Structure formats: structure tokens, C-alpha cells
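One structure is given below, encoded as C-alpha cells.
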Amino acid sequence: MTGEEFVPHSYGMQIETLGDAWYHDARLWMACAYGKREGLKTIRECWYRKDLDLETLICTRGRDFPLAMLATRLRCPRCGSRQIRVVWNFPTLDKRNSAAAGPKGRG
Ligand SMILES: [Zn+2]
């Protein structure tokens, strides 16, 4: 656990826990990364993707749960892989940074 994999440094502020992310009205989804790093055999990539509900996560994990650990607790329901990427979106901070963004984002 290095903590280097996910910290949204680019926003210039520390958002380390689910509670922090909730405060900033964050959206998130998970994406299965299965199939990307098997060097020898060719396997089909899974590409499962699912929007996650931050509020529900806080109810189950608690406000102080570190964002960096979230991916390690998730599993792909389609292929069972633990290679899960968690993608965060901070609409309120994005608005500040890029006023020209569309209303529905780029997905
Ligand atoms: Zn999968």
C-alpha cells in the first residue's frame, strides 16, 4: 500500500476519504481492468463498468474510509476479477477549473 496509485493531486487539495469526496459532491464509477496485463495468454478484456453511489459507500464503509483502498475492496461482478479501477469525478471542482464543460460530462 504505497498510496501513490490514487490521490487526486491535480485538484490541489487533499481528498483522502469518502467523507472528503462526499463533501465535494464527487461522482465515481468502477471499471474492470481484467485482461489488460496478462502477458502470455490472450484473454478477452472485460470492460465491465458501473456507476457507484458514494452515499451508499459511506453508509457501508464509513466516512473515514480512504479512497485509495476502495479499489482493493471491489470486485467485478461479471468476471470476478479484483483488478478494479475506480474513476472519480469532482463536478464542483471541475466547474471551477474548466467553465466550458458540457452539462453531462464526457463519460
Ligand atoms: Zn470484469
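Just so you know, ligand 1 is whichever comes first in the structure, and atom 1 is the first atom listed for that ligand. Every value quoted in this text rests on a predicted model; they were computed, and no experiment measured them. Numbers for residues simply follow the sequence, beginning at 1.
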Near the Zn ion (ligand 1) (under 2.8 Å) - protein N, O or S atoms: C32 SG, C46 SG, C76 SG, C79 SG
Does R49 make a cation-pi contact with W29, if we ask for NZ or CZ under 6.0 Å from the ring centre and within 45° of the axis? yes
Considering non-hydrogen atoms only, spot the tightest contact between D20 and Q14 and give its length. OD2-O, 4.1 Å
Inter-residue atom distance I15.CD1 - H24.NE2, 0.5 Å rounding: 4.5 Å
Spacing of C32 atom SG and R85 atom CZ [to the nearest 0.5 Å]: 10.0 Å
Would you indicate whether R78, at its atom CZ, is surrounded by more than 12 heavy atoms from other residues, nucleotides or ligands within a distance under 6.0 Å? yes
Taking the side chain as every heavy atom from C-beta outward, state whether F65 and L57 have any pair of such atoms under 4.5 Å apart. no
